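Step one of this worksheet: look at the structure below.
A quick note: this is a predicted structure, and the numbers were derived from the prediction, not measured.
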Amino acid sequence: MGALIFSPGRGCPQEPRKGLTLLQAVGLTVSLQPNILMQREQVQNQAGVLQQNTGKFDLAVKGSVEKKVEKTPLTKDQQESYGNLITEYDQDTLTTTVGLEKQFRTGIKIGPNMKVYRSGSNLDNFFEFNTVPDNYSTFNFTLEVPLLKGFGQDVAGADEKAAGVNLEATRLDLTQTVSQSVLTTVQAYWSYLAAKKKLGIYRESEGSASQLVDNLQQLVAAKENPVTDLVQSQASLAEKTALRISAEQQLLEARKNLGLAMGLKSREVLALPLPKDSYPEPLSGMTETLEGEKDKYLQLAEKYRADLLALKEKEKAAQILLVAAQKNLKPQLNAVLGLGYGGLQESGNFRDYLNAVNHNTVGLNYSAALMFKYPLGNNTAEGVAGQKLAQRRQSHIQTVDLHRKIRANVLVTLEALKRYSAGLKKAREAVTLYRRGYTDENLRFRMGMSTIIDLITVQNRLSTAMVTEVDSQLDYANAVIKLRYETGTLIVKEKEQYRVEMKRLIAIPDANGAS
């Protein structure tokens with residue numbers, strides 16, 4: 001059986017020309033379906049959220065250069081002390097700062113920085129005062145450690161960790177969206193095939209009715225049959241023509257539904273070719289196999305259903321944020337430690353500006369501080385903790401609810417497969433018997449041993465039985481694909497691509513694995 005690999009929104013399988021295969025329909029769906037493309041963008045969005053939260057722990061370089069001139073008027077006494085040569089005090093400073101900032105996932109922050117500044121004034125022009133510009137430097141290394149609130153990876157790294165878990169959940173949501181879209185397309189394809197087959201049945205029935213009218217017209221003209229027989233056959237032909245017209249519209253509706261499920265443009269929907277593949281056939285002994293392996297199919301669903309796995313990931317993320325919120329109920333108590341030294345270079349030369357970093361250094365300077373903060377009432381922290389607890393409970397409820405629905409759906413679908421398989425067998429028996437009955441009734445009518453009403457009745461029953469057979473085929477095919485969907489074994493994810501195998505679309509999954 002065939003298999004194709006598709007990437008959402010990346011390329012498009014070749015459009016079918018001579019009949020549409022099921023794999024082609026699925027391939028176009030994965031490439032074009034808007035729901036899949038939107039969910040793919042949601043994955044990119046969540047990746048951005050993760051990157052944004054990771055950015056809090058990036059090493060940041062900071063720096064500044066500041067030129068500052070301050071002029072201060074001098075008093076008369078001050079002016080006289082300077083020989084009345086200046087009336088104001090002009091201070092000129094140049095400050096350069098370079099530093100680093102880093103927050104760790106433990107909550108600890110470090111911030112080494114170096115500052116160099118030059119201070120000069122208009123007094124430097126007076127030789128008698130013997131002043132020169134001063135070049136100072138300071139180096140400081142600060143360490144801030146949260147002792148209560150904000151301490152530890154469970155708190156400081158919670159947003160990043162939760163964002164990573166949610167990213168995985170979003171990827172699983174994409175897989176589920178692809179699976180849901182493939183399910184919808186396959187079901188629409190089988191309905192399209194059913195509409196095609198039913199139209200063929202009604203056309204065949206109309207043709208038989210038309211042939212009967214032609215034959216009766218000749219027999220009535222030859223006065224071998226009464227006119228009432230011709231009227232009954234004409235009424236039957238009109239009825240079957242109406243059924244054929246209705247079937248043509250149903251085929252058009254089925255084509256539209258499939259085209260929309262595939263994500264085709266409006267002008268492409270009505271140009272969609274007729275389905276090429278056939279319905280899957282039940283395997284012998286399938287009923288006994290399904291009956292004895294219900295638990296295994298339930299285990300498959302728990303292992304592979306992407307939406308269930310996604311909810312479990314979201315529950316993990318909610319738990320991560322809840323733990324952080326609960327730990328942040330504590331007061332904020334931070335220890336801030338500082339170490340550093342200072343340097344000085346007295347020189348009027350600007351090239352000595354940076355020499356202050358390693359000249360006349362003194363130190364070691366140090367500092368230690370404790371910073372405490374605790375809002376009375378602590379409403380913000382308690383509100384956040386309450387919110388995260390509610391979100392965690394909601395996630396758990398959603399997971400449990402989906403789990404019970406999946407189990408129920410799997411069990412019901414297994415029963416449907418058994419019943420539809422048996423129903424299809426009986427529907428085929430009915431068609432075979434009605435075909436034989438119609439042949440016999442047609443012979444009896446020609447021999448004058450039956451009425452036109454009897455013949456038309458058997459003909460109608462044959463058409464109804466043939467339609468029932470198609471419906472039974474449709475029911476069985478839909479049950480197969482539904483079991484694949486419910487157990488999470490419809491598609492295979494390979495990195496950023498999805499592999500779709502024909503056997504996964506038409507055969508029940510192996511209860512001992514995902515194939």
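- Looking at residues two or more places apart in sequence or on another chain, you find a ring-ring contact (aromatic ring centres under 6.0 Å, His included) between Tyr279 and Trp190.
- A distance-only check finds a donor-acceptor pair linking the side chain of Arg484 to the backbone of Thr489 [under 3.5 Å].
- To the nearest 0.5 Å, atoms CE (Met502) and CG (Leu23) are separated by 5.5 Å.
- Looking only at side-chain heavy atoms (C-beta outward), Asn460 and Thr457 stay at 4.5 Å or farther from each other.
- Under 4.0 Å is where a charged nitrogen must lie from a carboxylate oxygen, and between Lys314 and Asp173 at least one such pair does.
- In this structure, Arg504 and Val492 have side chains that are in contact, with non-hydrogen atoms separated by less than 4.5 Å.
- Rounding to the nearest 0.5 Å places OG of Ser421 at 8.5 Å from CG of Leu283.
- Using a 4.5 Å cut-off on side-chain heavy atoms (C-beta onward), Lys388 and Asn328 make no contact.
- Inter-residue side-chain proximity for Tyr297 and Ile508 is flagged as met; some heavy-atom pair is nearer than 4.5 Å.
- Not a single donor-acceptor pair under 3.5 Å links the side chain of Asn442 to the backbone N or O of Tyr438.
- A salt bridge does not link Arg446 with Glu224: none of the charged nitrogens is closer than 4.0 Å to a carboxylate oxygen.
- Side-chain atoms of Leu455 and Arg444, non-hydrogen and from C-beta on, never get closer than 4.5 Å to each other.
- The closest donor-acceptor contact from the side chain of Asp454 to the backbone of Glu441 lies at 3.5 Å or more, if one exists at all.
- Using a cut-off of 4.0 Å between Lys/Arg side-chain N and Asp/Glu carboxylate O, Glu160 and Lys56 are scored as not salt-bridged.
- Separating the CZ atom in Arg461 from the CG atom in Leu433 is a distance of 13.0 Å, to the nearest 0.5 Å.
- Residue-environment remark: NZ (Lys276) stays at or below the threshold of 12 foreign heavy atoms within 6.0 Å.
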For salt bridge (Lys or Arg N to Asp or Glu O under 4.0 Å), just list the numbers for Asp154 and Lys161, CA-CA rounded to whole Å, side-chain angles, deciding distance to a tenth of an Å, and then say yes or no. CA-CA 9 Å; Asp154 289 343; Lys161 188 175 181 181; 5.3 Å; no
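- Salt bridge annotation for Lys312-Glu168: absent, with no cationic side-chain nitrogen under 4.0 angstrom from a carboxylate oxygen.
- Within 6.0 Å of CD on Gln249 lie more than 12 heavy atoms contributed by other residues, nucleotides or ligands.
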Test side-chain contact (heavy atoms from CB on, under 4.5 Å) on Thr106 and Gln153; report intermediate values, then the result. CA-CA 5 Å; Thr106 57; Gln153 293 188 6; 4.2 Å; yes
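- Applying the side-chain contact (heavy atoms from CB on, under 4.5 Å) criterion to Leu376, with sequence neighbours excluded, gives no partner residue.
- In this structure, the side chains of Leu505 and Leu490 come closer than 4.5 Å at one or more pairs of heavy atoms.
- Geometric assessment of Arg419 against the ring of Tyr476 yields a negative cation-pi assignment under the 6.0 Å and 45° thresholds.
- Salt-bridge formation is detected for the pair Lys426/Glu429: a Lys NZ or Arg NE/NH1/NH2 atom is positioned less than 4.0 Å from an Asp or Glu carboxylate oxygen.
- Checking His403, Arg404, Gln398 one by one against Asp401, the side-chain hydrogen bond (donor to acceptor under 3.5 Å, both in side chains) holds for a single residue, Arg404.
- Seen from the ring of Tyr192, Lys196 does not count as a face-on cation partner, given the 6.0 Å and 45° thresholds.
- Counting only heavy atoms from C-beta outward, the side chains of Asn166 and Glu313 never approach each other to under 4.5 Å.
- Separating the OG1 atom in Thr468 from the CG atom in Asp475 is a distance of 10.5 Å, to the nearest 0.5 Å.
- The existence of a salt bridge linking Arg435 and Glu469 is excluded, since no basic side-chain nitrogen approaches an acidic carboxylate oxygen closer than 4.0 Å.
- Using a distance-only test at 3.5 Å, with no hydrogens or angles considered, a donor-acceptor pair links the side chain of Tyr189 to the main chain of Leu20.
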Take Ile453 and Asp229, measure what side-chain contact (heavy atoms from CB on, under 4.5 Å) needs, and give me the verdict at the end. CA-CA 8 Å; Ile453 296 297; Asp229 285 355; over 6 Å; no
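- Using a 4.5 Å cut-off on side-chain heavy atoms (C-beta onward), Asn225 and Ile452 make no contact.
- Crowding of Phe151 atom CZ: a count of heavy atoms from other residues, nucleotides or ligands under 6.0 Å not exceeding 12.
- The main-chain N or O of Thr177 is found under 3.5 Å from a side-chain atom of Ser181 such that the two form a donor-acceptor pair.
- A salt bridge does not link Arg436 with Asp440: none of the charged nitrogens is closer than 4.0 Å to a carboxylate oxygen.
- Distance NZ/Lys256 to CG/Leu251: 12.5 Å, rounded to 0.5 Å.
- We find the CG-CD1 distance between Leu22 and Ile506 to be 8.0 Å, quoted to the nearest 0.5 Å.
- More than 12 heavy-atom neighbours from other residues, nucleotides or ligands sit within 6.0 angstrom of NZ on Lys493.
- The main-chain N or O of Phe57 is found under 3.5 Å from a side-chain atom of Lys102 such that the two form a donor-acceptor pair.
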